[in-house]
There are 2 protein chains.
Amino acid sequence: MTSRPGGSYDGGMREPYPDGMPEPLDPHMFTDCPPVSPPIRLGGKWTAKIIRCLESGPRRFTELQIPLRGITPKVLTESLRAMERDGLLTRTAYDEIPPRVEYELTGLGRSLLEPMNAGCEWSRRHLPDLMRARDAWHAAIP
Amino acid sequence: MTSRPGGSYDGGMREPYPDGMPEPLDPHMFTDCPPVSPPIRLGGKWTAKIIRCLESGPRRFTELQIPLRGITPKVLTESLRAMERDGLLTRTAYDEIPPRVEYELTGLGRSLLEPMNAGCEWSRRHLPDLMRARDAWHAAIP
DNA sequence: CAGTATCCGCTTTGATACTG
DNA sequence: CAGTATCAAAGCGGATACTG
């Protein structure tokens with residue numbers, strides 16, 4: 001029994017990141033709430049996190065990479081493009097050298113914070129229950 | 001650009017199902033709300049749907065298979081086991097022949113309906129916006 | 001800086017067949 | 001009925017290298 005539909009897509013999560021680096025964005029993100037069995041997720045693996053990162057204002061590509069802990073440019077690009085396509089954020093490219101691109105939440109994207117917060121609140125309230133359930137399970141079937 | 005972080009896990013969704021069959025459970029499920037780019041998902045692919053199926057009372061294994069539209073027994077078992085482990089539902093086996101097993105939401109599982117409904121409400125309210133965004137995108141980059 | 005372009009691989013899901 | 005056992009196929013994200 002290796003499959004965990006409750007929280008498994010994160011299999012390839014990379015932790016190694018050059019620490020000591022500044023984190024311009026608040027790392028307190030939605031998906032950080034539930035350390036066990038993420039109850040609610042949004043779109044792909046990064047969508048919710050990106051929304052949290054943009055909550056307090058527009059950010060640049062590289063700025064997003066920092067709090068997203070080593071997300072590869074390919075995946076970040078894909079995620080941003082998808083969110084742009086869905087009207088969750090806007091992409092503004094400034095014609096400068098070096099290039100500058102800023103991503104900003106749209107009203108639609110921002111409106112997602114509400115249900116996200118509902119999920120977050122659920123996590124806060126029921127995390128102890130989840131932990132207890134997990135413990136009971138492991139105690140019964142070790 | 002083939003990957004869509006906003007709505008891709010459902011890639012292998014099978015539609016072919018012997019119709020004419022009765023559907024004992026209400027097919028109006030959370031994940032049915034957003035026809036485009038599912039905004040909020042719960043755990044694995046089936047978790048939210050299973051919760052909806054159990055909303056109005058306990059159901060048997062085979063009963064769940066009907067509204068879940070051809071989910072394979074393997075995957076259904078995995079999902080149910082995971083949810084049982086997380087304390088979202090209980091599994092009760094009756095020692096009869098033929099065997100009977102019933103699955104029922106716990107209070108914890110039922111409490112998830114609240115954030116789920118929040119996501120559902122978001123979908124209802126903003127589906128037009130999503131559609132418009134998608135249309136605009138396709139109009140610009142055909 | 002802000003990406004593209006390839007290649008890669010585990011995880012998750014599904015198909016099919018078989019039991020207690 | 002309620003699963004388990006295998007096998008097979010994507011899915012989705014990641015590593016690495018390379019541009020305008």
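Numbered from 1 within each chain, the chains take letters A, B, ... in sequence-line order.
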Do other residues, nucleotides or ligands put more than 12 heavy atoms under 6.0 Å from the CD atom of B:Glu121?
yes
Interface polar pairs with nucleotides 3-7 of chain D, N/O, under 3.5 angstrom:
{"residue": "D:dG3", "atom": "OP1", "partner": "B:Arg91", "partner atom": "NE", "Å": "3.4"}
{"residue": "D:dG3", "atom": "OP1", "partner": "B:Arg91", "partner atom": "NH2", "Å": "2.6"}
{"residue": "D:dG3", "atom": "OP2", "partner": "B:Tyr103", "partner atom": "OH", "Å": "2.6"}
{"residue": "D:dT4", "atom": "OP1", "partner": "B:Arg81", "partner atom": "NH2", "Å": "3.3"}

If C:dG20 has a Watson-Crick or G-U wobble mate with both distances under 3.5 Å, name it; if not, just say none.
D:dC1
Measure from CD1 on A:Ile97 to C1' on D:dG20 and round the result to the nearest Å.
9 Å
How long is the gap from CG on B:Leu80 to CZ on B:Phe61, to the nearest 0.5 Å?
6.5 Å
Quickly work out the A:Lys45 NZ to C:dC10 P distance and round it to whole Å.
15 Å
Spacing of OG1 belonging to A:Thr72 relative to CD belonging to A:Gln65, to within rounding of 0.5 Å:
8.0 Å
Expected output: side-chain A:Thr106 to main-chain A:Gly87 donor-acceptor under 3.5 Å:
yes
Please report, rounded to the nearest Å, how far the C1' atom of C:dG14 is from the CG atom of B:Leu76.
13 Å
Can you tell me if B:Thr62 touches the phosphate of D:dA2, counting only side-chain N or O atoms and a distance under 4.0 Å to OP1 or OP2?
yes
Measure from NZ or CZ of A:Arg59 to the centre of the six-membered ring of A:Tyr103 and say whether it is under 6.0 Å with the direction within 45° of the ring axis.
no
Is the side chain of B:Glu63 donor-acceptor paired with the backbone N or O of B:Arg60 at a distance under 3.5 Å, no angle test?
yes
Rounded to the nearest 0.5 Å, what separates atom CD in A:Glu55 from atom CG in A:Leu112?
11.5 Å
Whole angstroms only, please: what is the CZ-C1' distance between B:Arg100 and D:dC1?
11 Å
Within this structure, what is the CD-to-C1' distance between A:Glu78 and C:dA5, rounded to whole angstrom?
12 Å
Distance, rounded to the nearest Å, where A:Asp95 contributes CG and C:dA2 contributes C1':
13 Å
Output the single nucleotide from D:dG14, C:dC1, C:dT13 whose closest atom is nearest the side chain of A:Arg60.
C:dC1
A:Ile71 CD1 to D:dG14 P: how many Å, rounded?
7 Å
Which whole-number value in Å describes the distance from A:Glu96 CD to C:dC1 P?
13 Å
